[in-house]
Q: 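I have a structure I would like to understand better, so I am pasting it below and will then ask my questions one at a time.
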Amino acid sequence: MEKVRYVKAHYQPLEDTTPLPRNVVNQPIEPVPDHKLVVELAGQWGSNRAYFQLAKTDVQAQKLARAVADMKTGHRTLATFKGLENEAKNLYLVVPLQGLPNPLTFLLAENLMPVENETEMDEWETVMIPVRALAYLDESKDKEKAAELKGGYLYVFWKGRLWRELQITEAGYYKDIDTEYYRVRDQYERQKAQPVIEHREASGFDLPQFWVPYKVAGEVQAGESGIQLMFSPDQKTYTQIEALESDSAKLSAAATPLDELSIYSQGKAFEPQEHTSDIQSAKLHQVTEEDMSWLTEQCVLKDKYAESNTPVVYVDGKNDGFLVKVEVGLASSVFGKIPPIYAVLKDENSEWKQSILMEASDDGEDSRWRQALFTGLPTDGRFTLFIANPKDPHGAEFIFTDIPFEELANDQDECEEIEHAEMVEESFEEAKKIEELRNLWLNAARN
């Protein structure tokens, strides 16, 4: 049977070119937030670890902003929050802490409203001013007699309440203390039968300036709503802090008001006034051995910030301490270790009293001398000084009694011991109580 051969037909296949209707899907476009919130800071300077935060809301997540120099003006720095919803925001100042995950947050304002992105202002509604502190060397409050601080603590009060507590380092930097955390601990401790006064550690990073609010939501912070700054060579107890918070007259007498910073709105700069000055005009006086150890005429930070448009605030340098030195002999294998000795100075006219564990003088632990430095004495007081060994009920001695401040202020090489047998028991009990509290604190610190 013969095979049949089929030949393919060569033609183009037919295609259906009928047009079909388009399947259009409408996708709604979410509007992009187009508002911003700006915080202005006076001056321009290098980096600072502090920054700002807007709290989370029901509509928008938390936002952060760091300060950036405003190159258009030259006199200010701006922290700008962009892409904001047009809703009320809570603004915080944030300071990171060393070795801790959560930073310190300071509430600056609630219910701030953002503005449109195109908005520009000669001065924004919220203004912070970075400041440094200088200390008067005497009661004359002469700015020609001022020094830098290289120790002690600064207390920033806002609206009559402690807002920030800063420790001053040897190099003149400021380190924040979580004061509200320690305040809660102190309130709990005071409920105990034998409360311990806890030393508050500074955990903030070194800051060359500390920022304070000058204007918030268009309202200048002055008068009863203003900032006040106080220096203390020793850390204040919460009892002392609360006494200042509850008595505006007492706080005003102890602290420096910062109302003069309002001059920034006039010329976008600072100048010498009663309590403040521009850092460029500020002068440092020579510091001698007779001045307190927390004062210095040398600080590279002042020169570094000379062109930064930073103001300085003058505080009482507490350069009027009363130094007590006691000869105790030398420790030896025969007589043993020198026991702890406390010096207690109290004002007979008020509740003021300081109790200090005497330390070896500057020539080292092997010194035959022990000393204690008392500061912040009330100038209208009459003082009694005694020393006591908490381990020896017969070792308490009164050095002087009922001496007015004017006599203490005079230079005296030696004071004769005053025998008051009926007072020895009181001084021993005082020193014993102090030693017990100190041991409780040391045990708590170890745990």
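Small disclaimer: the values here were computed from a predicted structure and weren't measured. What's counted below: heavy atoms across the whole structure, side chains too, no hydrogens, waters or symmetry copies.
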Q: So do Y314 and T276 actually touch side chain to side chain, heavy atoms under 4.5 Å?
A: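 Result no, sub-4.5 Å side-chain heavy-atom pair not found.
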
Q: Just wondering, do L261 and F270 contact through their side chains at under 4.5 Å, heavy atoms?
A: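 Sidechains of L261 and F270: in contact.
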
Q: Just wondering, do F383 and E407 contact through their side chains at under 4.5 Å, heavy atoms?
A: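 In short, these two side chains do not touch, never coming nearer than 4.5 Å.
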
Q: Please examine the side chains of L93 and R164, heavy atoms only from C-beta on, and report whether any two atoms are closer than 4.5 Å.
A: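 They are in contact (side-chain heavy atoms under 4.5 Å apart), so the answer is yes.
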
Q: Determine which pairs satisfy ring-ring contact (aromatic ring centres under 6.0 Å, His included) with at least one residue from residues 20-62, sequence neighbours left out, and list them in order.
A: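 Listed by first then second residue: W45-W211, F52-W211.
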
Q: Which pairs pass ring-ring contact (aromatic ring centres under 6.0 Å, His included) with one or both residues in residues 61-111, sequence neighbours excluded?
A: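 For residues 61-111, and leaving out neighbouring residues, the ring-ring contact (aromatic ring centres under 6.0 Å, His included) pairs sorted by first residue read F106-W163.
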
Q: Side-chain contact test, heavy atoms from C-beta onward, threshold under 4.5 Å: evaluate it for P311 versus I129 and give yes or no.
A: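 Yes. Closest side-chain heavy atoms under 4.5 Å.
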
Q: Under the criterion side chain to side chain contact (heavy atoms under 4.5 Å, CB included), which of R132, E297, Q298 is the partner of E148?
A: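 The side chain to side chain contact (heavy atoms under 4.5 Å, CB included) with E148 is passed solely by R132 among R132, E297, Q298.
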
Q: Y264 ring centre to K268 NZ or CZ under 6.0 Å, with the angle to the axis within 45°?
A: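 Yes, cation above the ring, under 6.0 Å and within 45°.
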
Q: Are N319 and D291 linked by a side-chain donor-acceptor pair shorter than 3.5 Å?
A: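 Checked: N319/D291 side chains pair up, N/O donor to acceptor below 3.5 Å.
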
Q: Establish, for the pair K325 and W369, whether the NZ or CZ atom is under 6.0 angstrom from the six-membered ring centre and no further than 45 degrees off its axis.
A: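 Because its charged atom sits under 6.0 Å from the ring centre and within 45° of the axis, K325 does stack over W369.
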
Q: Side chains of K346 and Q354 only: does a donor on one sit below 3.5 Å from an acceptor on the other?
A: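 Per modelled atom types, K346 and Q354 side chains form no pair under 3.5 Å.
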
Q: Decide yes or no for L207 and D176: does some side-chain heavy atom of the first lie under 4.5 Å from some side-chain heavy atom of the second?
A: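 Of all side-chain heavy-atom pairs linking D176 with L207, at least one is under 4.5 Å.
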
Q: Give a yes or no on whether E224 atom CD has more than 12 heavy-atom contacts from other residues, nucleotides or ligands under 6.0 Å away.
A: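 No, the 6.0 Å shell around CD holds no more than 12 heavy atoms from other groups.
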
Q: For the residue pair S265 / Y214, report whether a side-chain donor-acceptor contact shorter than 3.5 Å exists.
A: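 On atom types as modelled, these side chains qualify, holding a pair under 3.5 Å.
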
Q: Any chance the side chains of E271 and S281 put a donor and an acceptor closer than 3.5 Å?
A: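 Their side chains do not contain a donor-acceptor pair, so the 3.5 Å distance test is not met.
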
Q: Flag the pair Y342 / I356 as yes when at least one side-chain heavy-atom distance between them is below 4.5 Å, and no otherwise.
A: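 Answer no - side chains too far apart.
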
Q: Can R200 be said to sit on top of Y181's aromatic six-ring, NZ or CZ under 6.0 Å from centre and within 45° of the ring axis?
A: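 The answer is no; the distance or angle limit is not met.
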
Q: Within a strict 4.5 Å, meaning less than it, do heavy atoms of the L258 and L229 side chains meet?
A: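 Side-chain contact under 4.5 Å: yes.
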
